[in-house]
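Reviewing the structure listed below.
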Amino acid sequence: MAANNKVRVRFAPSPTGQLHIGNVRTALFNWLFAQQKGGAFILRIEDTDVERSEARYETQLIEDMKWLGIDWDEGPDLGGPYPPYRQSDKMRVYREYAERLIKEGKAYYCFCPAEELEREREQALKEQRQPIYSGKCRNLDLAEAERRRASGEAAAIRLKIPEHPIRFHDIVRGDVEFSHEVVSDPIIIRSSGMPIYNYVVVIDDADMKITHVIRGDDHISNTPKQVAVYEALGLPVPEFAHLSTILGPDGGRLSKRHGATSVANFREMGILPEALMNYLALLGWAPSGGDREIFPKDELIKEFSLERVTPSPAVFDTEKLYWLNRHYIKQSSPERIHQLGAEMLQRAGLVPASVNGNVSGWVGSVVDLLAPYVDKLDQLTEKAKIIFDGNASAALAVPENAEVFANEKARAVAQAFAKRVAAGQALTAERFKAIMDEIKAETGAKGKDLFHPVRIMLIGSHSGPDFNKLIPLIEDGSKLELPTHVKSVRERAEEFLAAMG
RNA sequence: GUCCCCGUCGUCUAGCCCGGCCUAGGACAUCGCCCUUUCACGGCGGUAACACGGGUUCAAAUCCCGUCGGGGACGCCA
């Protein structure tokens, strides 16, 4: 009994583009459900659309899922007990089932030309009627139909929708009912002989013994047709769970015009996979109590339940994702963040592609210094400008900065500072502090009046990391061989003074 | 147009199924204060929602009806 009742769910993407965030969320909910129930999670590639499917998208899809931390028990790469996991080779099976349906009188040949159908459809729409198929070929005599086919007339195959309401259960939405009067007899095999999605998906799910179909709610209106296929074929109807749509900030479906929408996008931005997973899980699902936000993978598996999935659509909130990302960056081991951060700096060409021990230690410190300031790791390159850039006239050109130096005292501080660091001796944090004390005594400047000018002089902004960490880092960096020379404190001070005039 | 789904702070949501414990809780964002030689982090606090209208009931965010609003589907696409 246990074996037969084992939960089996699947994620069935078409490899026609980058893995969309809405789709991974569907994959994630399937996966979470399977993990929690001790069931199987199956990856099936829907590549019947030969025109748009590409192998490289399949490869990337697999990579993205693995990066996120989702794995599967059966799939095109792993195999499994119910192959194939790509739809390609099953054409024969689909046709055999269709022939059986015809013999049993549950399906029929339809000779209506596509153009005529299209005309009827438009007409119905214009008259504000439900645009469903007229049923013209529904009661054609089978022998007659066979004869016409034999004489070369093209025919599609349609399923007869039974004349009673179609009901199904949806875990998220409860019982759903459609009147048979609003659903057309669906074409299941094109006149070209190629089967149609709504038909194929049922056979695949049934063949793979799928127990719960968890998918996007754009499929909800397809479901009655699919239920009709199950019933015509005498196959057990699975449980359904239709997940709400993910919206962009303007309330429309999340799409490219809203910015990042694919897993690959987020990965490149330096979003940690556990942050994305945590965020996505909370989009449309919440634990009872609803007062916890941080859910590592294992907690998610423990707490997740389909019954608690929200039926209403959810707006994707980048800020909250960032908040979680910051959290997970703080939680991560320094080594991991060093590695990821170094990759970002390498990509920007700030540090060499391969670093030796000396440089790598320094790069690690740079990342440590800057990581607490970022939402996502790719911001490291922007933040690193304070180390790598040091452009004095650009700093002075910023109105905010210029304002600081409009004050005579600020200029005095800058001059006093430059004079003292010119002396050539290594500038440690201690020495820096001593210098600042001297300047304080000499100029009478203190607090912001003292520190802002110096900060602007060194990093081009009056705010930034603690000097005690920053100074040694700049000094150490200036001694290293890097693609972009890191200017020492002395160099910075001199250039700034020159620019100040 | 027809059908289906959805409707709690700006956003994600708890509460709704099993009315009273809800003067509606948490989180992100936002605002203020504290910490700090700066900024950020962190700590503390504030602003902010039951779409609307009827009904049922001693009592409704919770149940019923209607309206409005948003989304989706109606295909020889998936």
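Residue numbering restarts at 1 for every chain, and letters A, B, ... go by the order of the sequence lines. Bear in mind the structure is a predicted one, so any value in this text is a computation, not a measurement.
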Would you indicate, yes or no, if C74(B) has its OP1 or OP2 atom less than 4.0 angstrom from a side-chain nitrogen or oxygen of Lys225(A)?
no

Can you measure Leu470(A) atom CG to U36(B) atom P for me and round it to whole angstrom units?
21 Å

Assess Arg138(A) against Tyr108(A): is NZ or CZ under 6.0 Å from the centre of the six-membered ring, and within 45 degrees of the ring's axis?
no

If you draw a 6.0 Å radius around CD in Glu403(A), do more than 12 non-hydrogen atoms from other residues or ligands fall strictly inside?
no

At 4.0 Å (heavy atoms only), tell me whether Leu125(A) reaches a base, stays on the sugar-phosphate, or touches nothing.
base

Whole-angstrom distance between C5(B) and G10(B), as gauged at atom C1'
24 Å

Ion pair Glu442(A)/Arg420(A), N-O distance below 4.0 Å:
yes

pair_partner(C76(B)), Watson-Crick or wobble, both distances < 3.5 Å, evaluates to none

Describe the nucleic acid contact of Pro465(A) in one word from base, sugar-phosphate, nothing, applying a heavy-atom distance below 4.0 Å.
base

Cation-pi between Arg148(A) and Tyr109(A): NZ/CZ under 6.0 Å from ring centre and within 45° of the ring axis?
no

State whether Asp449(A) and Lys409(A) are salt-bridged, where the test is any N-O pair (Lys NZ or Arg NE/NH1/NH2 against Asp/Glu carboxylate O) under 4.0 Å.
no

What is the distance from OH of Tyr197(A) to P of A73(B), rounded to the nearest Å?
12 Å

Starting the side chain at C-beta, find the nucleotide from C74(B), A78(B), C76(B) nearest to Asn198(A).
A78(B)

Rounded distance in Å - NE2 (His180(A)) to C1' (U2(B)):
15 Å

Whole-angstrom distance between C6(B) and C22(B), as gauged at atom P
28 Å

Using the P atoms only, state how far A51(B) lies from C41(B), rounded to an integer number of Å.
34 Å

If the C1' atom of G7(B) is compared with that of G53(B), how far apart are they to the nearest Å?
15 Å

Please measure how far the P atom in A24(B) lies from the corresponding atom in C50(B), and state the result in whole Å.
11 Å

I'd like to know if the side chain of Thr443(A) reaches the main chain of Val413(A), judged simply by a donor and an acceptor atom lying under 3.5 Å from each other, with no hydrogens or angles considered.
no

Identify whether any heavy atom of His462(A) sits under 4.0 Å from a base atom; if not, whether one sits that close to sugar-phosphate; answer base, sugar-phosphate or nothing.
base

Contact class for Gly464(A) (heavy atom, under 4.0 Å): base, sugar-phosphate, or nothing?
base

Rounded distance (Å) that lies between atom C1' of C77(B) and atom CE of Met194(A):
12 Å

Looking at U30(B), which nucleotide sits across from it as a Watson-Crick or G-U wobble partner, both distances under 3.5 angstrom, or is there none?
G46(B)

Salt bridge present between Asp205(A) and Arg10(A) (N-O < 4.0 angstrom)
yes

Any side-chain donor paired with an acceptor under 3.5 Å for Asp217(A) and Thr245(A)?
yes

Across all strands shown, which nucleotide pairs with G69(B) by Watson-Crick or G-U wobble geometry, both distances under 3.5 Å?
C6(B)

With P as the reference atom in both, quote the distance from U2(B) to C21(B) in angstrom, rounded to an integer.
41 Å

Base paired to C22(B) (Watson-Crick or G-U; both N/O distances under 3.5 angstrom)
none

In whole angstrom, give me the gap between the P atoms of U67(B) and A61(B).
23 Å

Between C33(B) and C12(B) - P atom distance, rounded Å
30 Å

Rounded to the nearest Å, what distance is computed from the CD1 atom of residue Ile187(A) to the C1' atom of nucleotide C74(B)?
14 Å

Heavy atoms only, 4.0 Å cut-off, all strands: where does Arg292(A) land among base, sugar-phosphate and nothing?
nothing

So what's A14(B) paired with, Watson-Crick or G-U wobble, going by both distances under 3.5 Å?
none

Of Glu127(A) and Gly252(A), whose nearest nucleotide on RNA chain B comes first from the 5' end?
Glu127(A)

Step through it carefully: locate the ring centre of Phe316(A), locate the ring centre of His258(A), and say whether they are under 6.0 Å apart.
no

Roughly, in whole Å, what's the span from CD in Glu120(A) to P in C74(B)?
18 Å

Protein-proximity profile, nucleotides 3-16 of chain B, B/S/- by nucleotide at the 4.0 Å heavy-atom cutoff, equals SSSSS---SBSSS-

Sugar-phosphate only, base, or nothing, as touched by Lys126(A) at under 4.0 Å among non-hydrogen atoms:
nothing

Figure out the CD/P separation between Glu181(A) and U2(B), and round it to whole Å.
15 Å

Regarding Leu117(A), tell me which of base, sugar-phosphate or nothing describes its non-hydrogen contacts under 4.0 Å with the strands shown.
base

Quick one: Asn278(A) CG to A27(B) C1', roughly how many Å, whole number?
12 Å

Under 3.5 Å for both donor-acceptor distances, Watson-Crick or wobble: does C63(B) have a partner, and if so which one?
G55(B)

Aromatic plane relationship, Trp285(A) with Phe304(A) - under 30° parallel, 30 to 60° tilted, over 60° perpendicular:
tilted

